[in-house]
Protein chains: 2
Amino acid sequence: MIGRPTTEQTLALGDFVPFRLNRLAAGVSLHLAEVYQHRFGLDIPQWRVMATVGAEQACTAQFIAASTRMHKTRVSRAIAQLEARELIERAASAADRRQRQVRLSRSGRRMYSELVPLARAREATLLSCLTPEQRTGFLTGIEILERFLQLEN
Amino acid sequence: MIGRPTTEQTLALGDFVPFRLNRLAAGVSLHLAEVYQHRFGLDIPQWRVMATVGAEQACTAQFIAASTRMHKTRVSRAIAQLEARELIERAASAADRRQRQVRLSRSGRRMYSELVPLARAREATLLSCLTPEQRTGFLTGIEILERFLQLEN
DNA sequence: CACATTTAGTTGCGCTCGCAACCGTCCCCG
DNA sequence: CGGGGACGGTTGCGAGCGCAACTAAATGTG
C-alpha cells in the first residue's frame, strides 16, 4: 500500500523524497540519541552546543546558533542548562561586553572526549551498511543538495 | 571553521552525517512548506494526513499513523482539524465500531488534486540539481539506510 | 459466558520551541 | 560627541507535541 509506485494523480509518502528524508533523519537521530541521551543525559540542543563548543576553544552563542542552525533562543536555553550542569563556563568578553565567551569546563571536556568517539562510532556503524562507492554517491548527493538549498555552513 | 575536517579528538557538526541529514531534511521541508503551508494553509501533520488519505479510498487513523510514522495523538489532532475544515469526513466502521473510516471530502479531493502536482514539482525541482547518476546514487543510499534502520514501511 | 487483556482513538498535562518584545551594549553618522 | 539604529543575548507567551491515562469496543481465555 504505502510503498506502491505513485501515478500522476496520487502521491505515496513512502515514495516521496522529502518525506523519506525526514523519516531517515529522524531514524538516524534516534539511533544517535542512544549515546548522547541515555549515556550522558543530553538532549539534541545540548548535544549540538557541546559539539560546537568542544570543537572551538571558545565561541559565542551566536556562533553556535549559526553553526548549528538553531534558533538563538534554543541555543540560549541549552547553554543555560549546560552551565547549570557545569559542563560549560561563560566569561564576559573583553572586546564586546554584550557577548559572552563560552568554553567547556574541565568536566565538559571530559564528557566531550568520551562523547566524540562514541558519536563517530555510531556514524561509522550507520555508514557501514553502504559500500564505499555507495557511500560516496550518497554523500555527494547530500553535498550538492546542501549547496542547492544553501545550507553549506 | 565549521567545515574544517575533523581530527580524532574533534567533531565538526558540519562534517557529521547525522547532523547534515537533519539539516538537509529541515531545508527540504522548508522548501516544500511553501506549497502546502502558504498556498493551502496546512501544517506538516495535516499535509501528511491529506497525502495518506488521498492515496487510499478510505483508511483508519492507525493506518495513517503507521504510514507517516507520526504519533497517534498527532494524527488524531490533525484529523480533527482537517474535519473541522471539512476537507475530510469520518464514518463509523461497520466491522469494528472502535475505528472510523477517514476519507477525503469533495473539497478535500479538489485540494488534493491541486496539491499533489505541486508537491511533485517541488520534489522534481529539488532533484533537478543532481545528474541522473547522482540521483540514483543518492536514492540508493537512502534506500539502504532505510532498510538498515528498518524504516521501510 | 464472564472476566481479563488488547486495541482504536481522544484528551489532560507538562515540556519545548519559536516569535516577539525587551535590555544592555556597540557603532555609525551628523 | 550625542543620538538612532543594529546587534548579542534573555525572557514571556502561545502553540504544538508526546506521554500517560482514559473510554469504548473487540478479542482471548478459563
Side-chain angles (χ1 to χ4, degrees), chain A residues 1 22-23 25-27 29-30 33-34 36-38 41-50 52-53 56 58-85 88-103, chain B residues 1 22-23 25-27 29-30 33-34 36-38 41-50 52-53 56 58-85 88-103:
Chain A
M1 310 270 133
N22 262 288
R23 189 178 57 178
S29 285
L30 202 65
E34 283 170 31
Y36 63 69
Q37 211 166 84
H38 301 159
L42 301 175
D43 60 18
I44 301 124
Q46 289 168 359
W47 145 251
R48 288 184 182 170
V49 169
M50 287 293 290
T52 306
V53 176
E56 311 289 324
C59 64
T60 65
Q62 117 217 46
F63 174 83
I64 299 170
S67 305
T68 60
R69 303 221 146 211
M70 292 195 293
H71 196 273
K72 62 179 181 171
T73 63
R74 211 174 164 196
V75 173
S76 174
R77 289 187 252 249
I79 289 176
Q81 291 157 354
L82 291 172
E83 193 180 31
R85 283 181 62 182
I88 64 173
E89 294 162 351
R90 275 187 288 192
S93 167
D96 186 336
R97 288 188 321 191
R98 287 173 302 181
Q99 64 193 16
R100 315 223 254 153
Q101 294 296 325
V102 181
R103 68 186 71 234
Chain B
M1 308 272 130
N22 261 288
R23 190 177 56 177
S29 284
L30 202 65
E34 282 170 32
Y36 64 67
Q37 211 166 85
H38 301 157
L42 301 175
D43 60 18
I44 301 124
Q46 290 168 0
W47 145 250
R48 288 184 182 169
V49 169
M50 287 292 291
T52 306
V53 176
E56 312 289 325
C59 63
T60 65
Q62 117 218 43
F63 174 83
I64 299 171
S67 305
T68 60
R69 304 221 145 213
M70 293 195 293
H71 195 273
K72 61 178 180 171
T73 62
R74 212 175 164 195
V75 173
S76 174
R77 289 187 252 250
I79 289 177
Q81 291 157 355
L82 291 171
E83 192 181 32
R85 283 181 62 182
I88 64 175
E89 294 161 351
R90 274 189 287 192
S93 169
D96 187 336
R97 287 188 323 190
R98 287 173 303 179
Q99 65 193 16
R100 315 223 255 151
Q101 293 297 323
V102 181
R103 66 186 72 235

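Below, read A as the first sequence line, B as the second, and so on, with proteins coming before strands; counting in each chain starts at 1.
When the nearest nucleotides of DNA chain C are assigned to A:A94 and B:T73 by heavy-atom distance, the more 5′-ward of the two goes with B:T73.
When all heavy atoms are compared, the tightest approach of B:M70 to B:V49 is CE-CG2, 4.1 Å. In terms of heavy-atom proximity, B:A80 sits nearest to B:R90 at CA-NH2, 4.2 Å. Contact detail for B:N22 and A:S29: the closest heavy-atom pair is ND2-OG, 2.5 Å. Minimum heavy-atom separation, B:A78 to B:Q46: CB-N, 4.1 Å.
Atom CG of A:L42 and atom P of C:dT16 are 14 Å apart (whole Å). A:I44 has its CD1 atom 10 Å from the C1' atom of C:dT16, to the nearest Å. If you measure from atom CG of A:D96 to atom C1' of C:dC23, you get 14 Å, rounded to the nearest angstrom. Rounded to an integer number of Å, the gap from CD of A:Q99 to P of C:dT25 is 13 Å. Distance B:R98 CZ to C:dT10 P: 13 Å, rounded to the nearest Å. Separating the CG atom of B:D43 from the P atom of C:dG18 is a distance of 16 Å, rounded to the nearest angstrom. Across the protein-nucleic acid pair, B:K72 atom NZ and C:dT10 atom P stand 10 Å apart, rounded to whole Å. Residue A:H71 contributes atom NE2, which lies 13 Å from atom C1' of C:dT16 at whole-angstrom precision.
The salt bridge (Lys or Arg N to Asp or Glu O under 4.0 Å) check on B:D43 picks up nothing, with sequence neighbours excluded. Scanning for side chain to side chain contact (heavy atoms under 4.5 Å, CB included) contacts around A:T73 gives A:H71, A:R77, with sequence neighbours left out.
At distances below 3.5 Å, not a single donor-acceptor pair connects side-chain atoms of A:S76 with backbone N or O atoms of A:K72.
For A:R97 against C:dT25, a side-chain-to-base donor-acceptor contact under 3.5 Å is absent.
A sub-4.0 Å separation between OP1 or OP2 of C:dT10 and a side-chain N or O of B:S76 is present.
At a threshold of 4.0 angstrom between heavy atoms, the contacts of B:R100 are confined to the sugar-phosphate backbone, with no base atom among them.
When DNA chain D is scanned 5' to 3' for any atom under 4.0 Å from a heavy atom of chain B, the first and last hits are D:dC17 to D:dA26.
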